[in-house]
Number of protein chains: 2
Amino acid sequence: MMSVTSPVKDFVERVTAVLGVTEAPLALHEPAFSGNELAYVRECLDTGWVSTAGKFVDEFESRLAELSGARHAIAVVNGTAGLHAALHVSGVLAGDEVLVPTVSFVATANAVSQCGAVPHFVDCAPDTYGMSPAALAEHLRQVAEPAGGGFRNRHTGRRLAAIVPMHVFGHPVDIEPLLDLAARYRMPVVEDAAEALGARIGDRSAGTFGVAGVLSFNGNKIITTGGGGAVLTNDADVARRLKHLTTTAKAAHRWDFVHDEVAFNYRMPNLNAALGCAQLERLPEILRRKKGLADAYAHAFADAPDFRFVDEVRGRSSNNWLNAIELSASMSGRRDEFLEAAREAGYQCRPVWRLLHRLKPYAACPRMGLSVAESLEQRIINLPSSPQLFREVA
Amino acid sequence: MMSVTSPVKDFVERVTAVLGVTEAPLALHEPAFSGNELAYVRECLDTGWVSTAGKFVDEFESRLAELSGARHAIAVVNGTAGLHAALHVSGVLAGDEVLVPTVSFVATANAVSQCGAVPHFVDCAPDTYGMSPAALAEHLRQVAEPAGGGFRNRHTGRRLAAIVPMHVFGHPVDIEPLLDLAARYRMPVVEDAAEALGARIGDRSAGTFGVAGVLSFNGNKIITTGGGGAVLTNDADVARRLKHLTTTAKAAHRWDFVHDEVAFNYRMPNLNAALGCAQLERLPEILRRKKGLADAYAHAFADAPDFRFVDEVRGRSSNNWLNAIELSASMSGRRDEFLEAAREAGYQCRPVWRLLHRLKPYAACPRMGLSVAESLEQRIINLPSSPQLFREVA
């Protein structure tokens with residue numbers, strides 16, 4: 001006999017099978033500092049190098065580049081700043097339109113706004129929620145018309161200036177067809193890889209396919225610098241421009257203050273980079289644990305018709321940043337019951353972000369039909385995903 | 001018998017009288033971490049609270065407010081971000097003009113640009129180099145005409161949207177007549193108090209006179225958070241708006257992501273605030289030492305016709321952030337000889353910033369006659385000013 005609450009109970013039991021019974025609430029994602037974090041931070045204090053110059057910033061950038069296979073990495077104060085700078089350097093201007101997913105954190109749209117441009121929202125793929133190449137292709141066929149060497153939105157008259165795919169929850173987006181579309185419509189791709197450090201498409205890191213890719217090291221990310229971000233790029237000119245523009249465009253001189261363009265103060269402080277260097281040393285172990293935890297969730301939800309574990313797809317390795325369960329369509333409208341019950345049991349779950357086109361500041365922006373995202377919005381539940389939650393099995 | 005190099009030699013000797021002979025170069029301004037810095041940073045790591053939430057951010061804000069006498073303080077990633085947010089909240093819009101001093105670090109103009117507005121440059125007073133109320137009054141009489149409830153520049157047609165005085169080197173600007181002008185021309189005053197933590201006008205802190213005042217805690221400032229800044233305000237609505245806009249305008253909710261306006265990711269991380277809390281505890285001692293060092297410079301340069309020690313003026317107490325010597329007009333064109341000689345002797349001196357209206361990105365901006373600043377630019381030399389350089393005398 002099924003009671004009306006049984007799917008909720010079933011859900012909580014499956015989560016409990018992975019995480020165990022808990023007294024203290026388990027956070028959605030927490031950092032851990034079990035390596036050289038304190039040692040490196042102490043070194044900053046001992047040497048006095050805590051600010052916008054210092055060896056840890058350079059080292060953090062080198063290690064990020066090496067680890068991701070990008071030719072260059074530029075450390076910045078946070079992912080939003082990185083995305084703003086990357087869009088700016090990619091040529092996005094005031095009055096342009098930028099194609100962004102409606103399934104994303106608000107930073108994706110805010111960075112577009114900070115360029116004076118307007119987000120134009122794209123629907124998501126049903127598998128891992130990244131920007132849908134098929135939907136975008138069909139949409140561009142309908143709305144894009146050639147103008148001035150590029151393309152513009154025939155309805156608004158605004159130039160279509162860039163495509164910003166986002167690797168949702170650390171699952172790499174289907175990047176190749178998006179790159180093809182970008183080439184066809186003469187737009188740069190800037191990857192919002194805020195959640196995707198360590199994720200790979202084939203043998204290449206997420207964030208290294210576009211003109212630039214932007215990482216975040218906020219406290220809830222796979223590694224943290226307190227607050228911070230970085231821009232990856234393989235283009236030496238883009239790297240030089242990014243470094244220059246994120247450091248007030250100051251020309252090198254022993255004492256003179258010459259700034260040769262309007263620029264930003266987005267440089268990551270050495271103190272935060274010190275934390276980042278220590279965290280990066282532990283990234284392989286963090287990724288291993290996160291994979292173990294994701295495997296455990298996948299197993300626990302394997303035979304559940306009401307629930308789909310949002311798994312990586314073939315050829316695109318997730319970093320398993322934030323695990324997610326998709327409720328079946330029959331559960332639509334009941335999402336908050338699941339969230340309440342999980343919280344009551346001590347598991348800090350959360351829904352996906354409110355779709356960007358449904359936020360007040362972006363409600364009037366151009367968009368395609370967004371039915372996939374709209375259906376999913378009421379059915380996604382993120383699960384506690386800290387690497388510390390992985391329980392080794394013998 | 002005077003040789004042609006004697007003023008340079010004289011200069012170096014006077015600096016040496018204050019700082020002593022040195023083997024290792026003495027930096028212009030270095031932080032010191034002799035208090036609870038490591039303990040507080042370690043607490044962040046131990047508790048996992050390093051990012052955009054945590055007790056140190058709140059505590060840092062409370063202590064800043066208390067110490068400055070402002071009703072509210074909002075901690076941000078750096079002074080530029082604070083200035084951008086403060087101008088935005090003060091109503092500066094794209095296409096406006098903002099009156100800023102030409103004697104300032106480039107951040108003052110960049111923050112205006114980030115609002116989509118245009119800096120309009122104002123000359124400085126000859127005493128402590130802050131924006132000249134007399135010059136601004138005369139200029140506004142000539143260029144301002146009433147329009148739409150406020151005033152616009154009759155030459156460009158742009159609205160005059162704000163006045164941004166800056167407290168140069170920690171010397172408070174002559175704020176009262178600037179506030180009067182702002183009231184007469186219906187513009188808010190936003191104080192660029194990046195260098196002025198601890199400086200006072202009468203019994204009130206610099207940074208608390210305008211609608212908002214912006215502090216910086218960059219590594220070279222009187223206290224540091226690695227990178228960081230804060231906005232002071234006495235207006236509860238302005239404070240609420242600033243807090244909201246610097247934290248992605250997220251509405252409070254247990255799990256939902258509702259962001260109700262286009263906003264910024266400017267929040268200071270807890271890790272940096274931890275450093276700031278420890279530094280603030282030491283501020284009285286830092287100010288005492290900086291005053292001692294400034295007194296020593298004042299004494300060493302007291303009887304020198306070629307040199308003027310840039311001293312605070314009556315009623316406006318400097319925090320003595322960066323000591324400066326003004327060369328006499330007869331030394332114009334020889335500034336770099338002084339800088340070279342000082343550097344050779346191990347004293348890291350520097351000139352004032354290149355005047356903002358002479359920087360390429362701002363060369364075409366509106367301005368008044370800037371003859372005082374232009375004369376001074378070639379004659380200002382900043383001296384090593386770290387509080388550690390003060391030598392106690394019995």
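Below, each value reflects all heavy atoms present in this structure, side chains not excepted, and no hydrogens, waters or symmetry copies. Just so we're on the same page: letters track the sequence lines, and every chain starts at 1.
Heavy-atom distances place both the backbone and the side chain of B:Phe264 under 4.5 Å from chain A. With a 4.5 angstrom heavy-atom cutoff, B:Asn270 does not touch chain A via any of its atoms. Residue B:Val258 touches chain A through both its backbone and its side chain, counting heavy-atom pairs closer than 4.5 Å. The contact between B:Asp336 and chain A is made by backbone and side chain atoms together, counting heavy-atom distances below 4.5 Å. Looking at B:Glu30, neither its backbone nor its side chain comes within 4.5 Å of chain A, counting heavy atoms on both sides. Only the side chain of B:Gln114 comes within contact range of chain A, judged by heavy atoms closer than 4.5 Å. Interface residue B:Phe33: only side-chain heavy atoms are found under 4.5 Å from chain A. Only the side chain of B:Leu275 comes within contact range of chain A, with heavy atoms under 4.5 Å apart. For B:Gln388, no part lies under 4.5 angstrom from a heavy atom of chain A. Of the two parts of B:Arg358, neither the backbone nor the side chain holds a non-hydrogen atom closer than 4.5 Å to a non-hydrogen atom of chain A.
Contact between A:Phe56 and A:Cys277 at its shortest, heavy atoms only, is O-SG, 3.6 Å.
The number of heavy atoms from other shown groups lying within 6.0 Å of NZ (A:Lys250) is above 12.
Within the 3.5 Å criterion, the main-chain N or O of A:Ala81 finds a donor-acceptor partner in the side chain of A:Asn78. A donor-acceptor contact shorter than 3.5 Å is absent between the side chain of A:Ser51 and the backbone of B:Gly227. Looking at A:Trp321, its side chain never comes within 3.5 Å of a backbone N or O of A:Ser385 through a donor-acceptor pair. Not a single donor-acceptor pair under 3.5 Å links the side chain of A:Arg335 to the backbone N or O of A:Ile380.
Under the 30°/60° scheme for interplanar angles, the aromatic rings of A:Phe169 and A:Trp353 are found to be tilted.
Salt bridge present: B:Arg267 and B:Asp58 bring a charged side-chain N and a carboxylate O closer than 4.0 Å.
Of the listed residues B:Leu359, B:Thr80, B:Leu45, B:Leu271, the one with more heavy-atom pairs under 4.5 angstrom with chain A than any other is B:Leu45.
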